[in-house]
Number of protein chains: 2
Amino acid sequence: MALDERRTEAYFALMEAGGLLQMLMEDQLQRDGGLSYLQFFLLARLAQAPDGRMRMTDLADTVIHSRSGLTYQAAKLETAGLLRRESSPHDERSVTAAITDQGRELLNQVLPGHVAIVEQGMFEALDDQQTEALADALEAVRDRLRVLAPSSAQRRRNRS
Amino acid sequence: MALDERRTEAYFALMEAGGLLQMLMEDQLQRDGGLSYLQFFLLARLAQAPDGRMRMTDLADTVIHSRSGLTYQAAKLETAGLLRRESSPHDERSVTAAITDQGRELLNQVLPGHVAIVEQGMFEALDDQQTEALADALEAVRDRLRVLAPSSAQRRRNRS
DNA sequence: TATTGTTATACTCTATAACTATA
DNA sequence: TATAGTTATAGAGTATAACAATA
C-alpha cells in the first residue's frame, strides 16, 4: 500500500477515535459529575499545574478556545465552586484561575470511570509495544501541532 | 516509567492532537470552501461510499450525531446544492443522501489545503516506521471504540 | 499602543420529545 | 409495535466586537 494512503488512513483514524472517545467521555462525565468534556479538561489542566493555578490566557491557549469562551466556562465553574479567579499580584491586568479543594474532589470522583473507559476503549486493543509506539507518535504529532496552532492572542490580532 | 502513566499520556496526547487538528481544519475548510468540519466529514463520507449515497441513519452513526442533528446539517447541505435526499425504493421509510457533482467539486477544491495540513501537522514529525505504527495502533483503537459507541438508534431507545 | 479579561449580542448547533409514515 | 426521518422548541455554547483597566 502506498504511504500516502496509509497516512490518510492514520489521519481519519485519529479523528474518528478522538471523536468517539469524546462522545463516550461526555456521557461518563455528565453521569459521574455533571461536567462537560471541556470543563473536565479545564479542571484536569489546572490540577496538574504548579500550585493548581494558571493565567486565564495560558489556560485559553491549552484548550484552544476564544478568551470569551473561557470566561463563560470559568464563570460556570466558579459558580459551582470548582475554581476561583484571583487577580495576579505582578500584573494587575491578568487573572489567575485556581482549582479549589472541591474541584479536586470532583475530579477524583470522576476519574475512575474515566480511566475505565480509556483502558477498555483504547488499550485493551493494544499490546505494550504498540502502546509505547502510539504514545511516542502521538506526542510527536501533538508537539508539532502546538507549534502550528495560533495562540488566543494571535487569533485576536488576526481579526483586526 | 510506569505503563499506566504512559497510557495516560497517550490518551491526553490523542485528545489534544485531535482537538488541535480539528481547529486547524475548521479554519482551513471555512476559508477554502465555507464548510464546517462536520459538513466536510459528511461529504467525504458520502464521496467514498458506493455510488456516493448512504442511508440517513447509517450516516448518522458514522458521524455520531443525533438524527435530528443530521437532518439539520443535511438540509443545509441540500440548500447549498452539495447533496440530494431521495426516498429509497425498497424501504419507503428511509431516505438516501447522495452527494451531488457540485458536492464533489467542492470537496476537490478543499482537499489540497486539507492534505497540506495533515502532511505538515502530522507526518512531518514522523518517520515511515512511526507512521505505520501510528496507523496500526489508531485503527485498532478506532475499531474497538466503534464497538463500544452506541448507535443513533440505541441512543434513541435508551431515552424511553 | 499593546495586552488582559469581561461583557453584550447574535448566531449556530444540539438534543429532546412529539409527530407522521412505513414495516 | 418498532423503525426512519422530520419538526418545533428550548437551551447551551461560541465568536465577534466593543469595552475598561493596566503595562
Side-chain angles (χ1 to χ4, degrees), chain A residues 19 22-23 26-27 29-30 34-42 53-61 63-80 83-98 150-160, chain B residues 19 22-23 26-27 29-31 34-42 53-61 63-80 83-97 150-160:
Chain A
Q22 186 164 344
M23 188 193 69
E26 210 87 52
D27 282 359
L29 292 167
Q30 198 61 51
L35 291 172
S36 70
Y37 192 81
L38 176 58
Q39 291 168 344
F40 164 77
F41 199 83
L42 284 170
R53 54 189 74 229
M54 281 180 83
R55 223 164 53 107
M56 288 289 279
T57 294
D58 296 333
L59 198 51
D61 284 347
V63 191
I64 315 142
H65 267 259
S66 66
R67 285 150 124 119
S68 69
L70 181 58
T71 298
Y72 174 81
Q73 292 294 346
K76 292 197 70 167
L77 292 172
E78 194 166 35
T79 302
L83 69 73
R84 237 188 347 265
R85 278 180 288 183
E86 310 160 348
S87 59
S88 307
H90 308 303
D91 184 339
E92 294 214 351
R93 287 174 304 181
S94 63
V95 170
T96 299
S151 71
S152 73
Q154 279 172 324
R155 271 175 286 153
R156 175 184 272 199
R157 271 196 303 276
N158 288 345
R159 281 200 296 278
S160 20
Chain B
Q22 186 164 345
M23 187 193 70
E26 210 85 53
D27 282 0
L29 292 168
Q30 198 61 53
R31 224 177 20 246
L35 291 172
S36 69
Y37 191 81
L38 175 58
Q39 292 168 344
F40 164 76
F41 199 82
L42 284 171
R53 52 189 75 229
M54 280 179 84
R55 222 165 53 106
M56 288 289 278
T57 295
D58 297 332
L59 198 50
D61 284 348
V63 269
I64 316 142
H65 266 260
S66 67
R67 286 151 123 118
S68 70
L70 179 58
T71 297
Y72 175 81
Q73 292 295 345
K76 293 197 69 168
L77 291 172
E78 195 167 34
T79 303
L83 70 76
R84 235 187 351 264
R85 278 181 290 182
E86 309 160 347
S87 58
S88 307
H90 307 303
D91 184 340
E92 293 213 352
R93 288 174 303 181
S94 64
V95 170
T96 299
S151 71
S152 73
Q154 279 173 326
R155 271 176 285 153
R156 174 184 272 199
R157 271 196 302 275
N158 288 344
R159 281 200 296 277
S160 18

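In the text below, chain A, chain B and the rest are named by the order of the sequence lines, each starting its count at 1.
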Check your understanding: What does B:Ser68 touch in the nucleic acid at a heavy-atom separation under 4.0 angstrom: a base, only the sugar-phosphate, or nothing?
Key ->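 Touches a base.
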Between [N] ([atom2]) and [X] ([atom1]): distance, integer Å:
X: B:Glu92; N: C:dT20; atom1: CD; atom2: P; answer: 19 Å
X: A:Arg156; N: D:dT14; atom1: CZ; atom2: P; answer: 17 Å
X: A:Leu35; N: D:dA12; atom1: CG; atom2: C1'; answer: 15 Å
X: A:Arg155; N: C:dT3; atom1: CZ; atom2: P; answer: 15 Å
X: B:Glu86; N: D:dA4; atom1: CD; atom2: P; answer: 19 Å
X: B:Gln154; N: D:dA2; atom1: CD; atom2: P; answer: 16 Å
X: B:Asp27; N: D:dT16; atom1: CG; atom2: C1'; answer: 14 Å
X: B:Tyr37; N: C:dC13; atom1: OH; atom2: C1'; answer: 18 Å

Practice item. State whether B:Arg55 places a side-chain N or O below 4.0 Å from either non-bridging phosphate oxygen (OP1 or OP2) of D:dA4. Key: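 Checking D:dA4 against B:Arg55, a side-chain N or O does come within under 4.0 Å of OP1 or OP2.
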Check your understanding: Taking OP1 and OP2 of C:dT6, is either one under 4.0 Å from a side-chain nitrogen or oxygen of A:Arg85?
Key ->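 The answer is yes; a side-chain N or O of A:Arg85 sits under 4.0 Å from OP1 or OP2.
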Of the nucleotides [options], which has the atom closest to the [X] side chain?
X: B:Arg93; options: C:dT4, D:dT6, C:dA21; answer: C:dA21
X: A:Leu38; options: D:dT14, D:dT6, C:dT4; answer: D:dT14
X: B:Ser66; options: C:dT16, C:dT4, C:dT6; answer: C:dT16

Practice item. Write down the atom of A:Met56, the atom of A:Ala97, and the distance for their closest heavy-atom approach. Key: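 Minimum heavy-atom separation between A:Met56 and A:Ala97: SD-CB, 4.1 Å.
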Point to revise | Separation of A:Gln22 CD from A:Phe41 CZ (nearest 0.5 Å) | key: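 That separation rounds to 10.0 Å.
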Practice item. Check whether any side-chain heavy atom of A:Arg157 lies under 4.5 Å from a side-chain heavy atom of A:Gln154, and answer yes or no. Key: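 A:Arg157 reaches A:Gln154 side chain to side chain.
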Practice item. Output the residues of residues 70-78 of chain A in contact with DNA chain D, where contact means a heavy atom of the residue under 4.0 Å from an atom of the strand; sort by number or write none. Key: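 Output list: A:Tyr72, A:Gln73, A:Lys76.
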Exercise for review: List the steps and the verdict of side chain to side chain contact (heavy atoms under 4.5 Å, CB included) for B:Arg55 and B:Val95.
Suggested key: CA-CA 6 Å; B:Arg55 222 165 53 106; B:Val95 170; over 6 Å; no
Exercise for review: Determine, step by step, whether A:Leu83 and A:Leu42 satisfy the side chain to side chain contact (heavy atoms under 4.5 Å, CB included) criterion, reporting the C-alpha distance in whole Å, the side-chain angles of both residues, the deciding distance to 0.1 Å, and the verdict.
Suggested key: CA-CA 10 Å; A:Leu83 69 73; A:Leu42 284 170; 5.9 Å; no
Point to revise | Residues A:Gln73, A:Leu38; criterion side chain to side chain contact (heavy atoms under 4.5 Å, CB included); working and verdict | key: CA-CA 9 Å; A:Gln73 292 294 346; A:Leu38 176 58; 3.8 Å; yes
Check your understanding: Of B:Gly69 and A:Arg67, whose closest DNA chain D nucleotide lies nearer the 5' terminus?
Key ->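 It is B:Gly69, whose closest nucleotide lies nearer the 5' terminus.
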Exercise for review: Could you tell me whether the side chain of A:Arg157 has a donor or acceptor atom within less than 3.5 Å of a complementary atom in the base of C:dT4?
Suggested key: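 Answer no: no donor N or O sits under 3.5 Å from an acceptor.
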Point to revise | Those residues that, when tested against A:Arg84, pass salt bridge (Lys or Arg N to Asp or Glu O under 4.0 Å) (two or more places apart) | key: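 A:Glu86.
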